[in-house]
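These notes are about the structure you will find just below.
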Amino acid sequence: MTEQTKPMMEHSEGSPGYGTFVAVWAALVVLTGLLVFVSHFGQKAAVWGLLTITPLKAGFVFYFFMHLKYEGPLVKGVVFVALGTLLIFFALTYADVAFR
Amino acid sequence: MGWMVEASTSARGADKVFLVSLGISVFFLVFITALMIYFVIRYSKKRHPKAENIEGNAWLEITWTVIPLLIFLSIFYYGWTNFDYTRNPPRDAMVVNVLGRQWAWSFQYPNGKVTSVLYAALGKPTRLDIRSADVIHGFFVPAFRLKMDAVPGHVNTTWFEPTRLGSYDIECTVICGVDHSYMLSKVVVVPVEEFKAWYFGGDDAPEPGKGLGAEKSSVAALSAGVAEAPVLALLRAKDCLMCHSVDGKPMVGPTLKGLYGSTETVVSGGKERAVKVDDAYLKVAIQAPEASIVKGYPPTMPPAALSPAELSQVLDYIKSLK
Amino acid sequence: MSSQASAHEEPRDDFGAKLGMWLFLVTEMILFGGLFIGYSYMRSKYPAEFHHAGSELNATIGILNTLVMLTSSLTVVLAIVSLQRGEKGKTVAFLGATLLLAALFLMDKGIEWRGEIGRGLYPDAPHLATLPPGEQVFFGLYYTMTGLHGLHVLAGMGVLGWVLMRVARGQISRDNSVVLENAGLYWHLVDVIWIFLLPLFYLAA
Amino acid sequence: MSAPSATASTSEPSFLVDQGPRHGLLAWLTTTDHKRIGLMYLAAMVTFFFTGATIGIFMRLVQLSSLSHMMTAQTYNALFTVHGVIMIFLFVIPGLPAVFGNFFLPLQIGARDVAFPRLNLASWYFFMAGAVLAVTSLFTGGGPPDTGWSFYAPFSIKTGTNVTLAVFAAFVLGFSSMLTGVNFITTIHRMRAPGMKWFRMPLFCWSLYATAWVQILATPVLAITLVLVILERLFGIGIFDPAKGGDPLLYQHLFWIYSHPAVYIMILPAMGAITEIIPTFARRTIFGYKAIAFSSMAIAGVGSLVWGHHMFTSGMSLTGDMIFSLLTMIVAVPSAIKVFNWTATLYKGSIDFQPPLLYALTFIFLFCIGGLTGVMQGALAVNQHVHDTYFIVGHFHYVMFGGTGIAFFAAFLYWFPKMFGKMYSRAWAYAAWFPIFIGFNMLYFTMLVLGLEGMPRRYYHHLPQFDTGHVVATVGSWILVSGLLILFGNFAYALFKGKKAGSNPWGGPTLEWTTASPPPKENFATIPTVTGPPYVFPVEPRP
């Protein structure tokens with residue numbers, strides 16, 4: 001209502017077309033294939049795949065499909081805070097688990 | 001804390017931290033309260049009709065951020081060192097296995113002796129490996145300022161070195177069911193020689209700690225089996241009384257009071273049926289309990305190893321509990 | 001949004017609606033985050049058991065479902081593009097495709113669960129009780145997490161179905177596309193969660 | 001607010017008068033007016049508060065040794081569980097944000113309503129549904145739950161009592177809390193009046209903003225934990241059951257990841273309300289506006305990271321113990337900052353010692369005791385002794401009752417004339433203070449002492465050495481309750497027979513005082529334009 005008129009303009013102009021999203025989808029399929037491929041090289045590779053490729057895929061969905069790319073700093077900040085909090089929850093739980 | 005007994009080395013450490021943090025707390029509380037009261041009187045509407053709008057003072061803000069931070073951090077450090085102490089038992093400590101279950105403690109010593117009261121030798125470190133058989137319990141000795149939970153699936157370790165003869169309360173501090181508040185016992189601290197005499201003695205070795213006031217407590221009286229019917233001692237020895245009461249109180253298993261002659265619904269093989277409780281049923285229920293569990297109770301009772309003589313003694317006793 | 005009788009009608013706040021939706025998604029992320037914390041806690045406790053139990057699952061169905069899920073996410077985002085371009089027919093078609101894919105996903109899931117339950121791999125099953133404790137926990141987590149995800153798929157289908165109906169009736173168009181966008185956001189989050197579930201369970205072996 | 005440009009015309013009817021097509025109760029139950037929803041929360045919560053207090057009285061009675069036979073141990077265990085569930089989930093957590101937040105957030109930022117009025121009503125229904133479920137759990141299934149409000153596994157998955165339904169009730173209540181959080185954050189971001197910059201917001205709004213973030217970020221963890229307990233009980237999924245490889249400590253982590261931040265959900269809005277009251281009656285601007293605003297955010301942030309201090313005796317790793325103890329000490333700092341700022345706001349003011357200020361200062365005193373005892377038990381060596389004893393019970397009653405509860409009363413005293421347009425008897429409000437203050441300290445300070453002596457919490461039966469303490473505490477509880485009855489009797493009387501209150505009886509500086517008492521349905525005739533900071537004195541008289 002007030003000073004936040006800036007983010008209102010969002011995607012109305014220059015919004016991406018079908019092609020962009022199909023390309024993103026193709027990338028996601030390829031990454032899935034890569035993940036499955038990597039996980040055949042034993043437990044360690046599977047865990048590394050889990051820790052790197054999966055967040056990358058999730059990032060693609062967030063960034064393009066969920067239009068985060070086209071959002072203002074506020075929505076980006078909200079997502080950042082949520083993920084940061086989760087990360088800290090993990091870290092502090094591991095402060096216990098990893099040192100038992 | 002003058003009015004409380006410090007009976008171990010850890011208690012001394014904990015009390016020091018307590019007193020320091022108490023002192024700081026009281027200082028802050030008195031300071032803030034006095035200031036508030038003074039301001040309210042000094043700057044009341046009558047005495048000070050025109051307020052001054054002071055929006056803040058950066059230096060003051062920084063001061064009262066940094067000073068409390070430093071104080072709190074030093075309290076943390078002080079608390080940590082004394083805590084660390086209770087978590088690192090010395091190598092020469094005697095290891096006692098503590099088992100909590102609904103609703104009793106038992107203590108097993110390295111030589112296999114098992115007691116329901118914890119015996120410890122004065123000035124000798126005792127390490128406690130604390131386990132639980134069912135749900136979480138809390139092992140708490142106020143006189144030692146010592147507490148450690150008994151968590152099923154975990155072995156939690158702590159230790160103490162008694163500095164005073166006497167008998168001290170053990171209490172359960174984590175809600176564990178209906179008789180949580182009766183899950184009590186004692187630590188009995190005795191001179192080393194007395195402890196050795198009991199520890200290395202045979203089954204008939206004298207109980208240590210007589211004359212320490214231990215027997216005055218109702219708990220100790222229960223545990224020591226003073227003036228108990230022999231059959232009650234038998235039931236206790238076979239752990240029956242861990243789950244069955246003789247006074248009508250619901251526990252893990254059904255109470256034995258008024259049991260004989262009643263009609264119960266039992267579950268056997270997944271089916272329910274009504275049973276009149278008589279000698280035949282009780283014999284089965286004691287020796288092969290998993291075959292017919294009374295509805296509403298967990299199927300956790302182990303078969304009790306009783307000689308025929310003991311069995312008839314128990315049956316007579318159950319009949320007598322009207 | 002304020003009441004109908006209002007003399008002062010508030011201007012519609014599309015950005016506010018979207019912000020609210022994102023905040024709601026935050027709660028969903030943390031909801032599943034709690035389960036992920038539980039999973040990693042247990043996995044660090046029982047690495048070998050998780051590895052072994054993971055091999056009991058059918059990775060092919062898991063991967064297939066991942067592809068289904070990704071594609072359904074694509075169709076939703078395409079539906080938004082078409083709505084903003086005013087191509088109503090396409091929007092309806094894309095949303096319909098999403099619903100079909102979602103149904104396919106649930107069907108796959110159902111077949112998979114039936115297979116596992118048939119093999120005695122479900123909580124409190126006599127067979128499962130004979131397995132080492134870590135594997136029992138694995139299956140407990142597996143059913144909880146995939147089950148909760150399945151419920152979200154079902155909820156998402158409900159929302160998208162409702163949106164589809166309103167698009168077909170012309171009640172949602174390029175002027176108020178924020179409704180579809182918010183429904184889409186929800187669906188994508190469901191997709192993201194599945195992206196994580198795949199390696200956690202199916203590729204753990 | 002220096003010269004807000006607009007005020008309500010007195011001709012508009014108040015929000016208490018039905019204006020829609022519906023009338024009477026139905027009009028209330030279908031309203032989307034934030035003020036009415038706030039009052040509906042208020043009605044529900046006062047009921048729950050007195051229910052919980054009555055249960056508390058019975059718990060105290062049992063501790064008089066001569067009366068210990070009035071109920072069985074099982075009943076006692078059920079009572080303290082129900083007391084905890086009612087007080088925490090139905091009163092303290094939602095108390096200030098749902099009642100005063102709903103009512104005054106839009107008024108203070110110059111808006112007509114919250115961002116999602118219908119969602120707001122839905123939150124109220126979730127709240128009531130949760131409450132109904134909680135009450136139902138007492139009379140169905142295996143009887144009322146006996147696990148304590150913390151539902152610790154594996155006891156909560158083994159006990160035969162009706163834990164499943166009670167836990168589900170808490171789950172639904174969590175939903176209500178989350179949706180309120182979503183609503184408030186969006187409202188604060190989107191609905192502020194023109195010129196109401198972030199640092200022109202009243203500090204109560206800042207505290208609600210911080211609270212809403214905690215509600216959003218922590219509550220879902222509780223939701224999932226409770227779902228796991230339900231699944232555990234229904235299907236035996238084994239995640240918390242050690243017999244199946246599960247781990248009770250995981251339960252504790254997940255539970256406290258929510259339930260410690262929940263403490264800050266309880267206390268932050270209370271601090272916010274106090275921050276409104278003090279400058280109004282000191283007739284001067286708040287000392288250190290930004291410090292207070294930022295400390296709210298800091299409490300919300302760091303407060304979410306200290307849950308492990310509930311687990312110092314659970315067998316957590318030593319590293320965990322150390323990190324959580326350290327963080328616990330750090331979270332005390334922003335609270336200390338607030339206390340210093342409040343005190344400094346009294347300095348060189350022109351203090352009008354009205355009942356809200358008396359209760360606000362009482363809050364500071366009691367909260368200091370609560371906070372400082374918190375610091376004491378944050379020290380690991382001390383914690384080992386006092387954990388799970390009456391010391392803890394005393395401590396958290398100082399924070400939750402002495403803190404949030406008293407702040408609730410202070411806020412009610414402060415805003416009552418605005419909400420209902422009536423004024424209560426100030427003499428009786430002062431009179432109620434004495435029994436409340438004396439009874440409170442007799443009850444809970446004694447608990448602190450009992451805890452140090454080694455009295456464990458949740459004990460039906462206590463050892464004889466604790467007799468005296470229990471008698472003192474029980475007598476204290478009677479005095480406390482008589483004070484509460486006077487306080488609320490005064491409110492009830494004023495509701496019907498109170499003198500008319502003007503639109504700004506206290507000379508409050510913030511926007512809610514510029515509109516009529518009670519406010520009209522649309523809050524403001526025209527949306528005000530804000531030109532300066534919130535606490536500017538002297539307040540210019542309204543035309």
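Quantities reported herein were computed from a predicted structural model and do not represent experimental measurements. So you know, we letter chains A, B, ... as the sequences are listed, proteins then strands, and number each from 1.
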Supply the atom-to-atom distance [X] [atom1] to [Y] [atom2], rounded to the nearest 0.5 angstrom.
X        : Y        : atom1 : atom2 : result
B:Leu35  : D:Thr343 : CG    : OG1   : 6.0 Å
B:Tyr77  : D:Leu326 : OH    : CG    : 13.0 Å
D:Asn77  : B:Ser181 : CG    : OG    : 7.5 Å
D:Phe294 : B:Glu61  : CZ    : CD    : 11.5 Å
B:Arg87  : D:Ser317 : CZ    : OG    : 9.5 Å
D:Thr345 : B:Asn53  : OG1   : CG    : 10.5 Å

Quick check, are the ring centers of [X] and [Y] under 6.0 angstrom apart?
X        : Y        : value
B:His180 : D:Tyr460 : no
B:Trp64  : D:Phe287 : yes
B:Phe144 : D:His385 : no

Does any heavy atom of chain B fall under 4.5 Å from the side chain of [X], the backbone, both, or neither of them?
X        : answer
D:Asp241 : neither
D:Met316 : backbone
D:Gln377 : neither

Exercise for the section: Measure up the D:Phe391 and B:Phe18 rings against each other and bin them: parallel (under 30°), tilted (30 to 60°), perpendicular (over 60°). Expected result: perpendicular
Problem - Parallel, tilted or perpendicular: ring planes of D:Tyr347 versus B:Phe39, cut at 30 and 60 degrees - result: tilted
Segment of [X] engaging chain D (4.5 angstrom heavy-atom cut-off):
X        : result
B:Thr86  : side chain
B:Asn156 : side chain
B:His154 : side chain

